[in-house]
Amino acid sequence: MTIAGIADTDLRRAEALASKHGTPAYGGHADLLSAGGLDAVYVCVPPFAHGNPEHDVLSCNLPIFVEKPLSLDLQTAENIASEIERRSLPSAVGHHWRYLDVVGRAHDLLAGRPVRLALGHWLDKVPPVGWWLDRHRSGGQIVEQAVHVLDLARLLVGEVSMVHAVPVENTVDGEVDRATSAVMRFAEGAAGLLATSCLLTRKHRVGLEVCADGIALELSETRLLVDGERIIEDDGQAKTRVDREFVNAVQGRPADVRVPYGEALRTHRLALALARSAAERRPVMLDDQ
């Protein structure tokens with residue numbers, strides 16, 4: 001695989017990264033696309049910038065890899081998904097947790113044992129980017145960060161039918177909620193909880209716990225804890241796998257793309273439903289989305 005070019009609205013940033021890979025730099029994605037010679041494009045932009053880059057890439061009939069979250073709203077993501085489907089193009093989204101080695105181990109341990117309870121956490125600090133605290137640019141912590149945990153919950157527990165999120169009071173107007181708790185009802189009957197916070201000075205607890213008949217599992221990006229006793233370390237290759245499988249798909253090889261755009265859209269709907277519930281102070285049914 002060869003990096004054909006790097007684009008950024010800040011040309012200096014594009015040049016700094018491009019110089020490390022010996023590749024051209026461009027001051028915007030349109031210039032990169034106009035230069036041609038591309039087999040696929042990675043769209044790695046902040047939540048508020050999604051939309052035009054994806055449609056411009058797709059108008060060139062190019063496969064696309066999109067960094068999560070998909071957008072700030074549902075309509076933008078649905079339009080992109082429809083265009084990908086219409087053109088029958090390979091796609092992938094950066095939900096690399098699906099490629100954790102320990103997720104496969106958890107799936108095997110849960111075989112024949114439906115999950116009855118799911119507990120998700122993202123207790124962390126404010127990321128060091130200027131747009132993150134602005135809810136109108138980041139979408140909030142659930143959409144921008146905890147979407148990884150929600151995607152894993154969908155994989156191991158199933159689809160969610162109802163959510164009710166409660167945000168902390170006294171948040172500064174226009175800023176993201178600094179803490180949120182939520183109840184989720186899964187379609188197959190499981191109960192779920194989600195807790196998020198960006199009040200801390202470091203990452204404290206990020207992951208998903210699930211309880212099934214006779215077993216409790218706790219998953220993070222680095223390990224699986226079985227029944228609070230046995231630790232299984234992850235092999236650390238998830239971020240490499242998610243890229244490798246997308247490239248395989250682009251090259252027409254057998255590929256294990258676990259989160260194409262349409263699958264990521266289902267997780268995005270869940271995250272947006274939670275954000276909407278917190279904003280409107282009421283439960284939201286997923287078929288309301």
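Applying the ring pair (Phe, Tyr, Trp, His ring centres under 6.0 Å) criterion to W97, with sequence neighbours excluded, gives H148. Under the rule for a side chain to side chain contact (heavy atoms under 4.5 Å, CB included), the partners of N248 that lie at least two apart in sequence or sit in another chain are R244, E245, Q251, R253, A255. Among residues two or more places apart in sequence or in another chain, the salt bridge (Lys or Arg N to Asp or Glu O under 4.0 Å) test is passed with E83 by R86, R87. Shown here are the salt bridge (Lys or Arg N to Asp or Glu O under 4.0 Å) partners of D56, two or more places apart in sequence or in another chain: there are none. Residues meeting the side-chain hydrogen bond (donor to acceptor under 3.5 Å, both in side chains) test with E233, sequence neighbours left out: none. Under the rule for a salt bridge (Lys or Arg N to Asp or Glu O under 4.0 Å), the partners of R266 that lie at least two apart in sequence or sit in another chain are E263. The side-chain hydrogen bond (donor to acceptor under 3.5 Å, both in side chains) test applied to D31 returns no partner, not counting sequence neighbours. Remark: R241 engages D235 in a salt bridge (Lys or Arg N to Asp or Glu O under 4.0 Å) (not counting sequence neighbours). Under the ring pair (Phe, Tyr, Trp, His ring centres under 6.0 Å) criterion, Y261 pairs with no residue, sequence neighbours left out.
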Under 3.5 Å, sequence neighbours excluded: what are the donor-acceptor pairs made by side chains of residues 183-207?
residue	atom	partner	partner atom	Å
S197	OG	R178	O	3.2
S197	OG	L199	N	3.2
R205	NH2	E209	OE2	2.5

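Of the residues V259, V242, D243, T240, the one that meets the side chain to side chain contact (heavy atoms under 4.5 Å, CB included) test with H96 is V242.
Applying the salt bridge (Lys or Arg N to Asp or Glu O under 4.0 Å) test to pairs two or more places apart or on separate chains, those with a residue in residues 112-133 are R116-D213.
Here V176 sits in one hydrophobic cluster together with F48, L72, V126, V129, W131, W132, L133; the rule is ILVMFWY side chains under 4.5 Å apart, joined directly or through other members.
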